[in-house]
Amino acid sequence: AVLVDCATLWLTNQFLAEADLGAETARLLAALAACPAPVVIVSNETGWGIVPENALARRFRDAAGRLNQAVAARADHVFFMVAGLTTRIK
């Protein structure tokens with residue numbers, strides 16, 4: 001099994017590198033699909049809080065939401081965990 005902890009840290013690195021987020025996300029999704037082992041991806045929920053005051057933080061929040069949606073769309077199972085309680089989403 002492979003544990004990716006965490007998708008939002010991966011996204012932070014892409015932001016810092018000023019990478020093409022669409023292209024890098026496509027590469028990540030392709031790598032996940034090609035992985036022969038089961039993969040567990042941990043990510044942070046960034047959209048439930050207040051709307052960030054600055055443009056960079058808003059861009060990051062939105063990009064994290066899009067990344068989480070793209071990964072979840074291809075996942076067999078999706079769980080949401082808060083305060084140690086788990087809810088199956090998919």
Side-chain angles (χ1 to χ4, degrees):
V2 175
L3 173 63
V4 177
D5 187 11
C6 80
T8 42
L9 179 58
W10 175 89
L11 181 63
T12 298
N13 289 333
Q14 300 310 310
F15 261 75
L16 292 174
E18 299 180 1
D20 177 338
L21 294 180
E24 292 305 319
T25 298
R27 285 182 47 190
L28 174 65
L29 295 173
L32 293 171
C35 184
V39 179
V40 175
I41 302 172
V42 177
S43 187
N44 296 299
E45 170 51 56
T46 60
W48 278 16
I50 62 171
V51 175
E53 181 178 314
N54 68 76
L56 176 61
R58 286 192 303 274
R59 274 188 40 226
F60 181 83
R61 179 204 56 189
D62 293 345
R66 285 190 296 274
L67 175 62
N68 288 342
Q69 289 176 32
V71 171
R74 289 159 182 80
D76 294 328
H77 307 287
V78 177
F79 296 90
F80 182 76
M81 179 176 279
V82 62
L85 302 172
T86 304
T87 301
R88 185 177 182 145
I89 304 297
K90 176 182 173 183

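Residue numbers count from 1 along this sequence. FYI, side chains are in, hydrogens and waters are out, and symmetry mates aren't considered; it's all heavy atoms of this structure.
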Using the side-chain hydrogen bond (donor to acceptor under 3.5 Å, both in side chains) rule, collect all pairs that involve residues 61-72, keeping only residues at least two apart or in two chains.
Ser43-Asn68

Pair listing, side-chain hydrogen bond (donor to acceptor under 3.5 Å, both in side chains) test, anchored in residues 76-86, at least two apart:
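Residue pairs with at least one partner in residues 76-86: His77-Arg88.
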
Supply the atom-to-atom distance Asp20 CG to Arg27 CZ, rounded to the nearest 0.5 angstrom.
10.5 Å

Do Trp48 and Met81 belong together in a cluster built from hydrophobic side chains that touch within less than 4.5 Å?
no

Would you say Leu56 and Val51 are hydrophobically clustered, going by side-chain heavy atoms of ILVMFWY under 4.5 Å?
no

Atom of [X], atom of [Y] and distance for their closest heavy-atom approach:
| X | Y | result |
| --- | --- | --- |
| Ile41 | Val39 | CG1-CG1, 3.8 Å |
| Ala75 | Val78 | CB-CG2, 4.0 Å |
| Ala7 | Leu67 | O-CD2, 3.6 Å |
| Thr46 | Ala64 | OG1-CB, 3.5 Å |

Phe79: ring-ring contact (aromatic ring centres under 6.0 Å, His included) partners, not counting sequence neighbours:
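Scan of Phe79 (ring-ring contact (aromatic ring centres under 6.0 Å, His included), adjacent residues dropped) gives none.
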
Student check: side-chain heavy atoms of [X] and [Y] closer than 4.5 Å:
| X | Y | answer |
| --- | --- | --- |
| Leu21 | Leu11 | yes |
| Leu28 | Trp10 | yes |
| Arg74 | Leu32 | no |

Within 6.0 Å of CZ in Arg58, more than 12 heavy atoms from elsewhere
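Enclosed: over 12 neighbouring heavy atoms sit under 6.0 Å from CZ of Arg58.
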
Report the relative orientation of the aromatic rings in Phe15 and Phe60; use parallel for angles under 30°, tilted for 30 to 60°, perpendicular for over 60°.
perpendicular

